[in-house]
Number of protein chains: 4
Amino acid sequence: MTACNTIVGSIDNSVLNFTVGKDPLLDMNLVAVDCIGSVAHAKMLSCLDLKNELFSDTDFAAIREELVAIISDADFNILVEDQDVHMAVESRLTDKLGYLGKKIHTGRSRNDQVALDLRLYGKEQLLCVMQLCLNLAKGLLKFAKANEEVPMVGRTHLQPAMPSSVGLWASCYAEGLLDDFILLKSAYEFNDRCPLGSAAGYGVPLNIDRHLTSDLLGFAEPIQNVMYASNSRGKCESVILSALSQIMTNLSRLAQDLILFSMPEFNYFSIPKEYCTGSSIMPQKSNPDVCELIRSKAAKVHGYATIARDVVTCLPGGYNRDLQEIKEPFMEGVAITESCLDIMCRLVEKLEANEEALYAGFSSGVFATDKALEFVVDGMPFREAYDKVKGMLSELENMDIKESIMNKKHFGAAMGLDFELYAKCVDEKQAFIDGLKSCYCGKISDLLGMEYRI
Amino acid sequence: MTACNTIVGSIDNSVLNFTVGKDPLLDMNLVAVDCIGSVAHAKMLSCLDLKNELFSDTDFAAIREELVAIISDADFNILVEDQDVHMAVESRLTDKLGYLGKKIHTGRSRNDQVALDLRLYGKEQLLCVMQLCLNLAKGLLKFAKANEEVPMVGRTHLQPAMPSSVGLWASCYAEGLLDDFILLKSAYEFNDRCPLGSAAGYGVPLNIDRHLTSDLLGFAEPIQNVMYASNSRGKCESVILSALSQIMTNLSRLAQDLILFSMPEFNYFSIPKEYCTGSSIMPQKSNPDVCELIRSKAAKVHGYATIARDVVTCLPGGYNRDLQEIKEPFMEGVAITESCLDIMCRLVEKLEANEEALYAGFSSGVFATDKALEFVVDGMPFREAYDKVKGMLSELENMDIKESIMNKKHFGAAMGLDFELYAKCVDEKQAFIDGLKSCYCGKISDLLGMEYRI
Amino acid sequence: MTACNTIVGSIDNSVLNFTVGKDPLLDMNLVAVDCIGSVAHAKMLSCLDLKNELFSDTDFAAIREELVAIISDADFNILVEDQDVHMAVESRLTDKLGYLGKKIHTGRSRNDQVALDLRLYGKEQLLCVMQLCLNLAKGLLKFAKANEEVPMVGRTHLQPAMPSSVGLWASCYAEGLLDDFILLKSAYEFNDRCPLGSAAGYGVPLNIDRHLTSDLLGFAEPIQNVMYASNSRGKCESVILSALSQIMTNLSRLAQDLILFSMPEFNYFSIPKEYCTGSSIMPQKSNPDVCELIRSKAAKVHGYATIARDVVTCLPGGYNRDLQEIKEPFMEGVAITESCLDIMCRLVEKLEANEEALYAGFSSGVFATDKALEFVVDGMPFREAYDKVKGMLSELENMDIKESIMNKKHFGAAMGLDFELYAKCVDEKQAFIDGLKSCYCGKISDLLGMEYRI
Amino acid sequence: MTACNTIVGSIDNSVLNFTVGKDPLLDMNLVAVDCIGSVAHAKMLSCLDLKNELFSDTDFAAIREELVAIISDADFNILVEDQDVHMAVESRLTDKLGYLGKKIHTGRSRNDQVALDLRLYGKEQLLCVMQLCLNLAKGLLKFAKANEEVPMVGRTHLQPAMPSSVGLWASCYAEGLLDDFILLKSAYEFNDRCPLGSAAGYGVPLNIDRHLTSDLLGFAEPIQNVMYASNSRGKCESVILSALSQIMTNLSRLAQDLILFSMPEFNYFSIPKEYCTGSSIMPQKSNPDVCELIRSKAAKVHGYATIARDVVTCLPGGYNRDLQEIKEPFMEGVAITESCLDIMCRLVEKLEANEEALYAGFSSGVFATDKALEFVVDGMPFREAYDKVKGMLSELENMDIKESIMNKKHFGAAMGLDFELYAKCVDEKQAFIDGLKSCYCGKISDLLGMEYRI
């Protein structure tokens with residue numbers, strides 16, 4: 001065992017490896033946001049009214065230049081000895097700028113730095129998820145509109161139940177995703193408060209300007225209580241993962257339906273060949289692997305959401321090292337959700353509905369409720385009509401499939417889908433995303449003095 | 001095994017018991033909302049333009065009268081033979097009103113009935129949780145304000161870290177609860193759409209008016225896609241439980257801190273005696289049972305949230321009986337969260353901070369960062385100041401505790417807490433709750449023709 | 001708020017309700033085992049060599065008589081004021097026997113009492129679960145044997161893959177349950193150590209004989225470390241629930257297969273009508289509710305197992321009140337698993353395989369691997385044979401279904417199932433259960449002086 | 001999008017990336033066991049009695065030589081195009097040995113290959129975990145013995161409860177780990193059955209000898225039902241992770257105690273400095289990071305166990321691609337548990353108990369139960385003695401601490417710990433591990449024709 005000399009002291013090497021864990025790897029996702037945070041922090045320090053000025057305008061310009069250089073330096077790396085992105089960036093600044101680097105950590109702690117980085121990362125990723133989510137909703141709505149009048153047996157308990165349509169089926173999942181937007185929006189709002197300046201959770205005896213850094217970084221406002229800035233770590237990731245978790249549940253159900261109804265016994269849908277794979281032993285196989293993987297990845301994101309929440313449950317107040325363990329499930333959960341939304345969107349684009357097979361799926365029982373309601377229209381109380389039809393099931397013949405669907409005209413039924421309403425909803429959400437994105441990128445571009453895009 | 005004859009057919013008795021499960025018990029929570037839903041449904045049916053009128057105005061009045069009677073009938077009961085609240089109410093209507101009762105189920109299914117009931121139940125409970133959550137936040141803020149200048153060692157890794165205050169500690173948890181409001185609000189918004197009229201998930205061949213029922217019941221709007229009305233079951237409960245889950249995490253951490261810092265070795269806080277219990281073997285014991293139970297009940301609500309989400313994950317589209325199993329964790333999760341918020345609120349009201357013990361908890365190391373920042377103010381780069389103080393730790397003496405806290409004046413630090421901002425935030429939330437409540441109760445009162453309160 | 005005077009002191013009534021929770025109800029499951037534990041404890045105390053004898057033989061006989069009376073007293077009840085079964089029993093003894101009742105709690109605490117009760121309860125329930133599990137395995141094997149040669153398309157990715165049989169399908173689930181026995185056995189072994197005499201987790205300054213009570217109660221041995229006797233609470237329940245969780249996963253998959261393959265599009269299996277239920281709106285429906293409920297109840301038992309484990313994770317050593325919250329998920333998890341095993345066993349008994357539909361499910365692609373292996377037998381390397389068949393898929397014709405199955409003769413394949421080996425395995429397990437049961441009941445009968453059966 | 005030509009067909013590149021996921025990386029853990037499995041499979045094929053011999057003895061020798069070469073080839077790599085370790089190995093064999101490579105996949109599928117690999121991997125890792133677990137138990141027992149008579153306040157509800165000792169505290173956690181052996185053993189037994197020869201879950205029309213491969217690979221026996229060989233995937237990993245999960249719960253509680261009782265307010269224990277780390281802002285800090293990380297990693301392993309279980313819950317029978325997603329949580333869960341056991345073992349080796357601080361922790365109330373039992377010995381019924389002491393708490397004085405501990409002499413109490421019994425238990429477990437290891441390594445060494453060690 002050799003010892004390792006880091007900025008914060010001498011640590012046993014094997015212990016260093018254990019405590020640092022996957023941070024050098026995971027923190028590569030945070031290089032840009034960490035530098036952005038440091039620019040804002042340096043800017044604020046340069047405005048501080050102290051008897052000895054911390055940073056002159058020239059100092060700040062030099063620091064910003066170096067931080068911007070790191071952002072675009074493809075070779076920037078985090079070593080185990082650095083422990084994390086924060087130390088790696090501070091080392092680089094000290095190497096390049098000497099005294100200025102040694103001053104940059106004034107009035108902050110790694111605790112508020114990582115809290116900030118994760119909120120900026122969360123913000124950027126949420127915008128990405130929102131867009132992917134909306135794209136898939138659009139794709140499903142397009143598929144629904146194209147197959148609006150194509151009949152499909154509606155099922156309950158997986159048993160044939162009532163006449164329905166491919167349009168109803170597809171827009172059902174689209175509406176689910178649009179509904180999930182409520183959760184993505186509230187996760188965004190929850191995340192949109194700046195923890196910087198909370199230091200180790202107890203502030204500092206300097207008159208730092210937390211509103212300024214919050215504003216420079218495009219946050220809605222700073223978190224007030226500095227201890228809560230620390231206590232909200234893990235919770236914030238957990239809130240985001242919970243929202244993603246619901247999206248994944250949606251996707252898992254869509255995937256399940258696609259797996260089931262592309263079985264040859266149904267053949268309702270054809271999953272594009274390039275989204276299927278073969279078998280090493282069975283030459284004839286074409287398997288819906290992409291859908292199966294999406295189905296199971298839901299359990300993974302659920303698990304990650306659970307980990308994030310459980311790490312902070314019962315944790316004593318103030319920073320605890322336990323929080324570090326949330327980084328991986330957070331980033332993995334985000335990455336999985338994004339990749340699943342993306343691939344499902346492309347799959348749906350090429351999905352085909354097989355009209356013939358869909359028609360063939362109808363049998364007489366499916367029309368029983370329609371029949372009962374015919375009696376109701378003729379004046380029979382529903383419960384008697386129900387009993388009457390129950391007694392004549394074997395006599396029921398197939399009604400005209402198309403006609404039956406055409407009769408479901410009320411709001412939200414197969415022929416009562418208001419696609420314009422859906423389009424309006426989609427447009428509003430797109431405008432919402434665009435607004436957030438341009439506002440955020442504008443702020444960061446101003447701060448960095450160069451165009452910043454996500 | 002004997003057979004049982006229900007409205008929907010003859011079922012083996014032991015199978016009936018298995019399938020019905022705890023529904024007769026759980027559904028007692030839904031009696032009022034089920035009747036409310038039926039009034040709205042009957043009203044809408046009475047407006048329907050059919051060649052044979054379903055309900056005349058007099059019919060509707062009779063139905064409403066009977067449904068209102070059920071709501072206030074303390075003896076109304078649900079039998080296993082009824083299976084659930086919906087059948088129990090339909091039976092009662094048929095018993096009392098004959099033909100009218102047999103007509104009430106026209107154009108709906110138990111699927112959309114229970115979906116509706118759970119959304120109304122969810123709405124009422126969310127309003128209750130919001131109020132309890134706000135009450136506790138108020139209580140904590142009051143305690144914080146009363147102890148604003150009382151010092152308390154701030155900890156990271158549970159080790160003494162920096163000077164802090166009881167005010168900072170208490171308002172930290174208050175701010176956490178106020179933050180959770182974002183989640184409660186979005187859960188409310190998610191829940192605030194009406195599933196009625198989706199029937200079994202595929203609508204009906206009648207020209208029902210889903211906007212009317214939605215409006216009569218005080219919903220923001222109807223869910224559009226009827227299949228999604230069915231698919232959103234479980235998801236909606238899961239979204240609500242996720243929000244409650246975060247509240248419970250907050251409470252578990254507050255409870256953990258209270259348990260730790262009321263240990264005699266700290267004695268920072270005195271938990272009121274009436275919230276402690278004794279031991280059957282140790283005569284001297286006075287244990288923080290209430291806090292311990294809250295701590296563990298977090299795991300329970302987490303588990304219930306997990307169940308709700310997992311039951312619907314990968315579930316094929318359309319109604320599946322699996323959904324029934326979500327009722328119990330949903331209702332239990334709500335009840336636990338409410339009781340924990342309520343009792344914690346009362347406990348905090350009588351909580352005492354022991355100033356002497358809190359002062360005694362300070363040791364010299366706690367001031368090390370303050371010392372380093374003094375050097376910084378004198379012009380030394382932070383990293384050098386840090387190293388210098390690290391080399392003189394044994395020489396550090398206790399600084400003046402009060403003065404040190406007084407120096408933490410920036411926004412959100414011990415002496416930078418903006419209680420007016422908190423008060424404004426509390427008031428806004430109170431107004432929000434009051435608005436929702438009065439709007440909802442107004443709508444339901446109009447519908448029932450009598451004052452309805454929650 | 002009124003106060004309530006209990007054995008262990010005066011507590012605020014609303015706090016009492018919160019802390020006692022559902023214990024009075026849940027503890028009704030523990031009345032018999034609590035009394036059994038008290039008989040053993042009293043017996044041990046009567047053997048203690050103290051300067052003042054605690055219980056004479058006559059005293060012990062009186063105590064035992066009263067405890068046995070409680071076991072068979074259908075009216076015995078636990079009040080909220082009693083808090084739990086332990087206090088209720090102690091009160092009753094004190095009411096009936098005066099001084100003797102006030103002595104019974106010597107050298108023990110409610111902590112080791114409840115730990116003991118839950119281990120006895122766990123033991124009895126595990127024996128019950130083992131038997132139910134074995135019954136279902138037997139039923140599935142019987143169904144498998146009866147349908148040994150009935151063909152069924154074997155699937156991977158749910159797509160038709162290779163020829164298989166109903167026998168293979170059904171015995172697959174039977175073998176899964178037999179495999180789970182390993183977990184039930186180890187849960188039993190884990191549970192089979194006596195915590196009595198650990199008191200509050202730190203023993204007592206009396207020379208109590210923990211080996212004696214352990215032996216009287218039929219345990220393998222006492223837990224040694226008294227603090228571990230306390231720390232193992234929750235863990236023991238969690239271990240048992242983990243085993244049940246695996247059984248439920250098995251059942252969920254069997255239920256899923258039954259739901260899928262009883263859809264009319266397959267019609268491979270007919271679920272007996274009395275295990276299906278109807279719809280309130282669709283007169284034609286016959287739904288596999290029992291299977292759906294089993295499928296979803298898996299998520300419930302999983303959730304309960306999670307709760308039990310999470311409550312104890314990170315809990316400081318020694319008894320904490322948090323443990324109380326584990327009782328409900330433990331008992332619920334046990335009850336659900338038992339009822340699902342029981343009803344599935346009865347359902348399988350009447351399950352029918354529809355040979356015609358099963359034959360009709362075969363298409364040519366299913367035989368592709370067989371074809372490739374024919375080429376291999378003729379000397380072609382497998383990977384070439386695979387490619388060759390892949391190029392001639394459209395030319396493949398249906399091979400003889402029965403013959404193809406008959407060719408799968410190696411160990412464990414459709415025609416290589418060794419039902420005698422299964423029978424031997426079943427018999428061994430039955431003997432194992434019978435042995436444990438008779439040993440345990442024998443010990444308890446001796447202790448109580450009357451026949452005790454479970 | 002470019003296409004990629006693999007052994008099993010042409011797949012879209014972005015889809016390939018999605019479906020392959022982290023397999024090329026994760027499968028590096030399986031290279032050795034995959035080759036071992038292939039040697040056994042080739043050996044069995046070479047014994048097969050076919051009209052055209054598959055492998056001569058020379059063929060087999062050549063195949064084995066190449067597979068052994070791969071095992072020790074540090075440069076062996078798995079490309080995305082290979083998809084997984086199985087294809088990578090098959091490619092290499094085909095490259096090097098031509099026709100022989102194309103024959104190796106005869107009579108098996110990747111499904112049974114990966115099932116086999118994971119069971120071999122699971123076996124090797126379980127042996128490793130068992131040893132690490134035993135090492136920690138030994139370390140804790142050594143610490144316990146060394147501090148057998150050092151007093152420590154025993155706590156319930158974290159409040160001082162009764163006199164206890166450091167020896168009791170430390171051996172409590174040791175006994176917990178020894179108890180967990182039951183779960184590790186049953187996981188090992190569960191895992192110890194060979195799935196090879198099940199092919200895609202439906203066997204093959206060749207007379208393969210599954211008992212031979214099972215025996216060559218050192219398994220207890222082959223899984224019988226070939227479909228169950230497939231269905232047990234995920235379940236087997238879940239069973240192993242459940243056992244690890246309990247170990248992690250143990251560790252989390254030990255870590256929690258160490259964190260709490262090394263706070264300066266207690267100072268009962270000194271965590272060795274090299275297992276603590278500093279702060280970037282607070283020069284004085286020395287934090288118990290290792291313990292905090294272990295505490296939180298429990299939640300991670302729990303999450304991984306949950307994922308493994310949830311992926312297979314409700315999954316239709318037969319292989320589904322979902323199973324692939326279990327590999328990562330399985331391997332991560334194993335790696336985390338091993339590293340935590342290892343580092344905790346080294347930490348405990350250097351742990352110090354601070355006798356002075358431990359004595360100072362006693363206050364008079366701790367002796368109340370002892371006092372009550374003194375009255376009992378003098379003839380007073382316990383409940384009266386309890387009440388009497390409750391009434392005189394303020395008069396209670398500190399009893400002699402050492403003497404009080406010396407009075408706890410019954411089995412398992414502070415002075416009743418039977419360290420010889422612990423030693424015997426440890427020795428038995430060590431012999432058990434050694435036996436399994438030597439048996440397994442012996443079998444594999446014979447198979448490979450070279451010494452194999454783990």
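Quick note on labels: first sequence line is chain A, next is B, and so on, each numbered from 1. Quick note: numbers below take in every heavy atom, side chains included, and nothing from hydrogens, waters or symmetry partners.
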Review point. If you count heavy-atom pairs under 4.5 Å with chain A, which of B:Val226, B:Val239, B:Leu421 comes out on top?
Key: B:Val226
Review point. Is it the backbone or the side chain of B:Asn111 that comes under 4.5 Å from a heavy atom of chain A, or both, or neither?
Key: side chain
Review point. Does B:Asp418 offer a backbone N or O that forms a donor-acceptor pair with the side chain of A:Gln224 under 3.5 Å?
Key: yes
Review point. Out of A:Thr249, A:Asp310, A:Asp209, A:Ile259, which one racks up the most heavy-atom pairs below 4.5 Å with chain B?
Key: A:Thr249
Exercise for review: May I ask you to decide whether A:Arg193 forms a salt bridge with B:Glu175, counting only side-chain N to carboxylate O separations under 4.0 Å?
Suggested key: yes
Exercise for review: Examine whether an atom of B:Phe261 lies under 4.5 Å from a heavy atom of chain A, and if so say whether it belongs to the side chain, the backbone or both; otherwise answer neither.
Suggested key: neither
Exercise for review: Pick whichever of B:Ala298, B:Ala161, B:Ser238 has the most heavy-atom pairs under 4.5 Å with chain A.
Suggested key: B:Ser238
Study note, to complete from the structure: Counting heavy-atom pairs under 4.5 Å with chain A, the top scorer among B:Asn407, B:Asn231, B:Thr156, B:Leu251 is B:Asn231
Review point. Roughly how far apart are A:Asn52 CG and B:Phe375 CZ, rounded to 0.5 Å?
Key: 13.5 Å
Point to revise | Structural part of A:Ser245 lying under 4.5 Å from a heavy atom of chain B | key: side chain
Point to revise | Short side-chain to backbone donor-acceptor contact, A:Gln256 and B:Pro316, under 3.5 Å | key: no
Revision key, fill the gap. From the list B:Met415, B:His211, B:Lys409, the residue making the most non-hydrogen contacts under 4.5 Å with chain A is B:His211
Review point. Given the options A:Val376, A:Asp180, A:Leu254, which has more heavy-atom pairs under 4.5 Å with chain B than any of the others?
Key: A:Asp180
Point to revise | B:Gln246 side, atom CD; A:Ser232 side, atom OG - distance, nearest 0.5 Å | key: 11.0 Å
Exercise for review: Hey, could you give me the CG/CZ distance between B:Asn225 and A:Phe411, rounded to the nearest 0.5 Å?
Suggested key: 9.5 Å
Point to revise | B:Leu183, part contacting chain A, at a heavy-atom distance under 4.5 Å | key: side chain
Practice item. Measure from the side-chain N and O atoms of A:Lys235 to the backbone N and O of B:Gly176, and report whether any donor-acceptor pair falls under 3.5 Å. Key: yes
Check your understanding: Which atoms of B:Pro222 come close to chain A, meaning under 4.5 Å heavy atom to heavy atom: side chain ones, backbone ones, both, or neither?
Key -> both
Study note, to complete from the structure: OG of B:Ser91 to CZ of A:Arg383, rounded to nearest 0.5 Å, is 9.0 Å
Study note, to complete from the structure: So CZ of A:Arg309 and NE2 of B:His302: to nearest 0.5 Å the spacing works out to 4.5 Å
Revision key, fill the gap. Separation between OG1 (B:Thr313) and CG (A:Asn250), nearest 0.5 Å, reads 10.0 Å
Practice item. Taking atom CZ of A:Phe419 as the centre, report whether more than 12 heavy atoms of other residues, nucleotides or ligands fall under 6.0 Å from it. Key: yes
**Study point:** Minimum heavy-atom distance between B:Gly317 and A:Tyr173, given as atom pair plus value
**Key:** CA-OH, 3.5 Å
Check your understanding: When heavy-atom pairs shorter than 4.5 Å are enumerated against chain B, which of A:Leu260, A:Thr306, A:Asp378 gives the highest number?
Key -> A:Asp378
Check your understanding: If you tally heavy-atom pairs under 4.5 Å against chain B, which of A:Leu158, A:Thr94, A:Ile104 wins?
Key -> A:Leu158
Review point. Who among A:Asn320, A:Asp179, A:Leu417 has the most heavy-atom pairs with chain B under 4.5 Å?
Key: A:Asp179
**Study point:** Residue selection (most heavy-atom pairs with chain A, distance under 4.5 Å) from B:Met162, B:Arg155, B:Glu53
**Key:** B:Arg155
Review point. Quick one: side-chain contact (heavy atoms from CB on, under 4.5 Å) partners of B:Leu50, sequence neighbours excluded?
Key: A:Val377, B:Leu48, B:Leu54, B:Leu206
Practice item. Indicate yes or no: at least one non-hydrogen side-chain atom of B:Leu373 is less than 4.5 angstrom from one of A:Thr106. Key: yes
Exercise for review: Any pair with a residue in residues 194-208 of chain B that passes side chain to side chain donor-acceptor pair (under 3.5 Å), sequence neighbours left out, goes on the list, sorted by first then second residue, please.
Suggested key: none
Review point. What class does the angle between the rings of B:Phe382 and A:His105 fall in, given that below 30° is parallel, 30 to 60° is tilted and above 60° is perpendicular?
Key: tilted
Review point. In terms of heavy-atom proximity below 4.5 Å to chain A, should B:Ser165 be classed as side chain, backbone, both, or neither?
Key: neither
**Study point:** Interface residue of largest heavy-atom contact number with chain B, from A:Gly107, A:Gly318, A:Gly154, under 4.5 Å
**Key:** A:Gly154
Review point. Checking heavy atoms, do the side chain of B:Arg210, its backbone, both or neither come under 4.5 Å from chain A?
Key: side chain
Exercise for review: With a 4.5 angstrom heavy-atom cut-off, could you sort out which part of B:Asp257 is near chain A: side chain, backbone, both or neither?
Suggested key: side chain
Exercise for review: Count the heavy-atom pairs under 4.5 Å between each of B:Ala299, B:Cys314, B:Ala413, B:Ala187 and chain A, then report the option with the highest count.
Suggested key: B:Cys314
